[in-house]
Amino acid sequence: MEYTPISPFMRPISHAHLRVIERAEASVPGKPVNKWQLLRELSKAQAAFGVSERDLTVLQGLLSFFPDDALGGNAEMVVFPSNKAICERLNGMPCSTMRRHLARLVDAGLLIRRDSPNGKRYVRKHGEDRVAFGFDLSPLYCRSEEVARAAEVVRAAEDRVRRLREVVSLMRRDLAALAEFGEEIQPGLGLWDQLRHTAAVIARALRRKLTLEDLSAHRANLEACLDQARNVIDGPETEEMNTNDARFERHHHNSNKDSIDFEPALEKGKGAADVRENDMEAPVADVEEAGTRPLPKIPLHLVIASCPSLKTFYQGEVRHWHQLFDAACHVRPAMGISASAWEEAQCFMGPEQASIVVVAMLERFADIRSPGGYLRALTSKAAAGEFSCGPMVMALMSQRTAA
């Protein structure tokens, strides 16, 4: 028959509990750990250790009885409050509830019971020696590195969800815009109603908290819908229509020569003062209103054709606006544009138009003295309602045609 050791107070001790005790006694890290920081890390990784928020509330109460802020060093990590004191510290939690959560912390290997012969919790001194009976926090301290690693895994997963959610949101906007554009150039197709319905369904889904699997499924669905819409829009008849539109737009912008140039005062060799990022005050506008700005009217394929340098620095495919946004995010740091300038540009131009500006600047990068200051200057114009990215693209197209 298997022998099950028991504590002096007749509590059964599992073999897993014994292994926790042996690990706590054998491998104690030498570096002290802040107990509250460790509790925050454990809160982030609580699912990995099988504990609940209520369990952590009880653990927080126990940690409050430990006199130092740091666990470790040469300090003994045994706390010995009575059940009544613990419940009072926990704002009157019932004793039976508190004991149940304590048992779960012990089973999770985060605490060890150090029972006295009579089951009481106290400290006894024999000269310079000190013996404490109560709850030993050593396992929590010994597993601090494990807790930190588990918390980092959780944060990485949350970051993946956040980034994927942003991509899905941009793709949904792309799909809604393509449906409207397709209705204009090829009216009457039932496809556009289907795409609008899909975009609306995903918009409602994004109001909820979605898992990584849910977001991945929405992304796959959106990619299929975007490819379907793009294949219809980029058909032979539509391509001819887009070419005519582009030719008409180029003729319209060429009628005002000043509007197609990049900002002369911000380029090299123009005789104007250097505009630096910190010399310009950030524009102020209604962020909510800027976030609802519609997609640019200029066709995406025209932007890509006007900015061939983008393919040198970004190897990904760019067939939709969210892909152009990803490309702009990729090249922006290498161009010396700060994160704050990029965020302001997105706020007042919209992410799609800001992306067009960045890739257009990349095409003329050698002529721009301060890319960050240049972008801030255009952001100020956009905040005042005096900027459109169309002339920039048409200027680049005109140069390529002339060459």
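What you are looking at is a predicted structure, and each value in this text was computed from that prediction instead of being measured.
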Evaluate the salt bridge (Lys or Arg N to Asp or Glu O under 4.0 Å) criterion for residues Glu158 and Arg162: first the C-alpha distance (whole Å), next the side-chain angles of each, then the deciding distance (0.1 Å), finally the verdict. CA-CA 6 Å; Glu158 291 176 346; Arg162 180 186 58 79; over 6 Å; no
Treating His330 as the side-chain partner and Phe313 as the backbone partner, does any N or O pair qualify as donor plus acceptor under 3.5 Å? yes
Shortest non-hydrogen contact between Met392 and Ala360, atoms and distance: CE-CB, 4.0 Å
Enter the distance from Phe135:CZ to Arg114:CZ here, rounded to the nearest 0.5 Å. 12.5 Å
Begin from the C-alpha positions of Leu42 and Leu110 and carry the test side chain to side chain contact (heavy atoms under 4.5 Å, CB included) through to its verdict. CA-CA 10 Å; Leu42 184 59; Leu110 300 173; 3.8 Å; yes
Counting C-beta onward and ignoring hydrogens, is there a side-chain heavy-atom pair between Ile112 and Ser138 closer than 4.5 Å? no
Which pair of non-hydrogen atoms, one from Val358 and one from Trp342, has the smallest distance, and what is that distance? CG2-CZ3, 3.5 Å
Taking the side chain as every heavy atom from C-beta outward, state whether His322 and Glu166 have any pair of such atoms under 4.5 Å apart. no
Looking only at non-hydrogen atoms, find the nearest pair between Pro391 and Ser388 and report the distance. CD-O, 3.2 Å
Check the pair Val357, Thr379 against side chain to side chain contact (heavy atoms under 4.5 Å, CB included), reporting the backbone distance first and the verdict last. CA-CA 10 Å; Val357 171; Thr379 300; over 6 Å; no
Please give me the minimum heavy-atom distance between Pro32 and Ala70, naming the atom from each residue. CB-CB, 3.9 Å
Beyond-backbone contact of Glu145 with Arg149, side-chain heavy atoms, under 4.5 angstrom: yes
Please determine whether side chain to side chain contact (heavy atoms under 4.5 Å, CB included) holds for the pair Ser338 and Arg376, giving the CA-CA distance in whole Å, both sets of side-chain angles, and the decisive distance to 0.1 Å. CA-CA 10 Å; Ser338 67; Arg376 287 191 187 274; 3.7 Å; yes
As an exercise, state the distance from CG of Leu175 to CG of Leu195, rounded to the nearest 0.5 Å. 5.0 Å
Show your working on side chain to side chain contact (heavy atoms under 4.5 Å, CB included) between Leu362 and Cys307 and close with a plain yes or no. CA-CA 8 Å; Leu362 178 65; Cys307 305; over 6 Å; no
Would you tell me whether Arg332 and Ser355 have side-chain atoms, one donor and one acceptor, within less than 3.5 Å of each other? no
In the structure I gave you, are the side-chain heavy atoms of Leu56 and Leu59 within less than 4.5 Å of one another anywhere? yes
Rounded to the nearest 0.5 angstrom, the CD1-CE distance for Ile202 and Met171 is 8.5 Å
Once rounded to the nearest 0.5 Å, what's the spacing between atom CE of Met77 and atom CG of Asp68? 11.0 Å
Taking 4.0 angstrom as the limit, do Asp107 and Arg104 come out as a salt bridge? no
So does Ser309 get a backbone contact from the side chain of Glu363, meaning a donor-acceptor N/O pair under 3.5 Å? yes
Heavy-atom check, side chain of Phe387 versus side chain of Met349, under 4.5 Å: yes
Quick check: closest heavy atoms across Gly61 and Leu90, and the distance to 0.1 Å? CA-CD2, 4.0 Å
Whether the side chain of Gln353 engages the backbone of Cys389 through a donor-acceptor N/O pair (distance < 3.5 Å, no angle test) should be reported. yes
With rounding to the nearest 0.5 angstrom, report the OG to NE2 distance, Ser52 to His101. 5.5 Å
With a 4.5 Å cut-off on side-chain heavy atoms, are Asp55 and Gln46 touching? no
Distance, nearest 0.5 Å, that separates CE of Met361 from CG of Asp367: 11.5 Å
Please tabulate, for side-chain N and O atoms in residues 80-89, each donor-acceptor pair with protein atoms closer than 3.5 Å (sequence neighbours left out).
unit_1: Ser82; atom_1: OG; unit_2: Ala85; atom_2: N; d: 3.1
unit_1: Asn83; atom_1: OD1; unit_2: Arg121; atom_2: NH1; d: 2.8
unit_1: Asn83; atom_1: OD1; unit_2: Arg121; atom_2: NH2; d: 2.9
unit_1: Arg89; atom_1: NH1; unit_2: Ser64; atom_2: OG; d: 2.8

A side-chain contact here means heavy atoms from C-beta on lying under 4.5 Å apart; do Glu352 and Leu324 qualify? no
Does a side-chain N-to-carboxylate-O contact under 4.0 Å join Asp159 and Arg155? no
Please examine the side chains of Leu170 and Trp321, heavy atoms only from C-beta on, and report whether any two atoms are closer than 4.5 Å. no
For Arg208 and Arg204, work out which heavy atoms get closest and say how close. NH1-O, 4.0 Å
